[in-house]
Amino acid sequence: MQLYHHPCSLNSQKVRLALEEKGVDYTSFHVNPILGKNMDSSFFRMNTSAKLPVFKNGSHIIFDTIETILYVLYLSFTIEICIATTTRIVFMVLGNGFLKRTKGVLYYSDSSFFCKIFVSKTCVPIGHISESDTHPESRYIERIAVVSVGNDSFSNQEVIEWMQKIQQWNPKYFTLLHIPDKHRLYVSKFIRKVVIARMAESPDLASAYHSKLREAYETEEKLKNADLVKRSTESLVQLLDEVERKLNDTTYIVGDEFTMADATFVPVLARLVLLGLEDEYISCRPNIADYWGLVQQRPTYKKVIGKYFNGWRKKKTLIKTWGSLHIRNLLKRY
Ligand SMILES: N[C@@H](CCC(=O)N[C@@H](CS)C(=O)NCC(=O)O)C(=O)O
C-alpha cells in the first residue's frame, strides 16, 4: 500500500494519523505541493485534481480523506486465531492488527506479534475471513475467525458523523488568508509556472493542467471576497465551540478512547498553532487546550506532526521548503 502525502498537508496528516494509530503498514511518498511536485505528470496522471493525500492499495485508489480513513478502519480489526502446536492448543485473541496479503499468503502482524496465515483463496476480503479460508496444508493455524472490526468499530456512527463534520471545514482559504500576501503570491506565481512547464511536457494532460491554472487564479479572486473568508472563520469557530462543549463530558471527541474523529480533528489544531493562532482559538477554550496538551503526547502525533512542526522543527521544515522554492525560482527550474 502506498500513501502519497506531505507533512504540510492537513488532509495528509489526518490520513497518516489514522494509519499510524491503527498500525497499518504502508510505503510513504512525499509530494510537496508548495514546490508543485503534485503537478509532476507521474503523479498528476494518476490524480488530475493534484490534491493530497492519495492512498493506493493495488489497483484500488482512494482520493477522499474520509473514505481513506474508513478504509484504514476496515483494514484493522481484531482477529481470533487458534494455533495448534504439538503439545497443546494455544488460543489467542489478538488486538488490533493488520492483515497483509503477499502472493496469496496472508500475514498478520501488530507491534508484538507476527505470524503467517496460509489461506487457500487468492482473494479473501479483509474483514471477512473465516475458518474455511485456512489453507488445508497449514500445520499451525487451527482456526481463524474475525471477532470484531476494530475497537472503535467502523460502524460507530458517532465517530463517522464527527469526521464528516470536521471535514466540512475547508482550511484552504483560512490558511492562505493568514499567510502574508507577499509570500502567498510568490508561491502562487511559482506554482503557475510549474503548471505551464508540466503542460508543455505532457500536452495530453493540457485540459487538466488548464483546470489547475484556472483554480489558482480563482483562489486569488476568492481571497478578495471578504464574505467567503468571514464564513470560513465562522464555521471554524462553530466547530471549535461544538468540540469544546463535547469535551465537557469526554476525554476525546467520542468517549474516552482516541478515535478516528480525533485523527481528523488534531491536524486542525496543529494548523492553528502553525499559523500562530493558538491563543486566539485554542488557549481560550479550556477543554480544547487540555485536549491539545494530551494529544501532543501521543507517539503518532509526534511522528506525523510534531517531528516537523514542534518548536524549532517548524522553522527547519519551513526553511527547507522555502529555500528549495527560492533556488528553483532563481534557476528557473520549474
Ligand atoms: N478531495 C480531497 C481534498 C484534499 C485537499 O484539499 N488537499 C490539499 C492539501 S490538504 C491539496 O492537496 N491541495 C493542493 C492543490 O489543490 O493543488 C479530500 O477531501 O480529501
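Since this is a predicted model, take the numbers as computed values, not measurements. First listed ligand is number 1; within each ligand, the first listed atom is number 1.
- Heavy-atom proximity to Leu10, at under 4.0 Å, picks out these atoms of ligand 1: 10 (S).
- Atoms CZ and NE2, from Arg16 and His6 in turn, are 11.0 Å apart once rounded to the nearest 0.5 Å.
- Using modelled atom types, no side-chain atom of Ser232 and backbone atom of Leu228 make a donor-acceptor pair closer than 3.5 Å.
- Stacking of Lys165 on the aromatic ring of Trp162 is recorded, both the 6.0 Å distance cut-off and the 45° axial limit being met.
- Residue nearest to atom 7 (N) of ligand 1, selected from Leu52, Ile66, Val195: Leu52 (by heavy-atom distance).
- Scanning all protein heavy atoms for the shortest distance to atom 19 (O) of ligand 1 gives Gln167 NE2, 3.6 Å.
- Taking a cut-off of under 4.0 Å to the non-hydrogen atoms of Asn11, the atoms of ligand 1 that pass are 4 (C), 5 (C), 6 (O), 7 (N), 10 (S).
- Remark: ligand 1 atoms within the under-4.0 Å shell around heavy atoms of Glu215 are 16 (O).
- In terms of protein heavy-atom proximity, atom 15 (C) of ligand 1 is nearest to Lys212 NZ, 3.5 Å.
- Residue, atom and distance of the protein heavy atom nearest to atom 9 (C) of ligand 1 are Ser9 OG, 3.6 Å.
- Atoms of ligand 1 lying under 4.0 Å from at least one heavy atom of Phe63, given by number and element, are 1 (N), 2 (C), 20 (O).
- Dense packing is recorded around CZ of Arg313, with more than 12 heavy atoms of other residues, nucleotides or ligands lying under 6.0 Å away.
- The nearest heavy-atom contact from the protein to atom 16 (O) of ligand 1 is Lys51 NZ, 2.7 Å.
- With rounding to the nearest 0.5 Å, the separation of CD1 in Ile166 from CD1 in Ile66 is 8.0 Å.
- Salt-bridge annotation for Glu201 and Arg198: present, with a side-chain N of the basic residue lying under 4.0 Å from a carboxylate O of the acidic one.
- Proximity to Thr65 (heavy-atom distance under 4.0 Å) selects the following atoms of ligand 1: 18 (C), 20 (O).
- The ligand atoms of ligand 1 that sit less than 4.0 angstrom from a heavy atom of Asp64 are 19 (O), 20 (O).
- In this structure, CD1 on Ile61 lies 6.0 Å from CE on Met46, to the nearest 0.5 angstrom.
- Of the protein's non-hydrogen atoms, the one nearest atom 14 (C) of ligand 1 is Asn38 ND2, 3.8 Å.
- Arg298 forms a cation-pi arrangement with Phe258, by the criterion of a distance under 6.0 Å to the ring centre and an angle within 45° of the ring axis.
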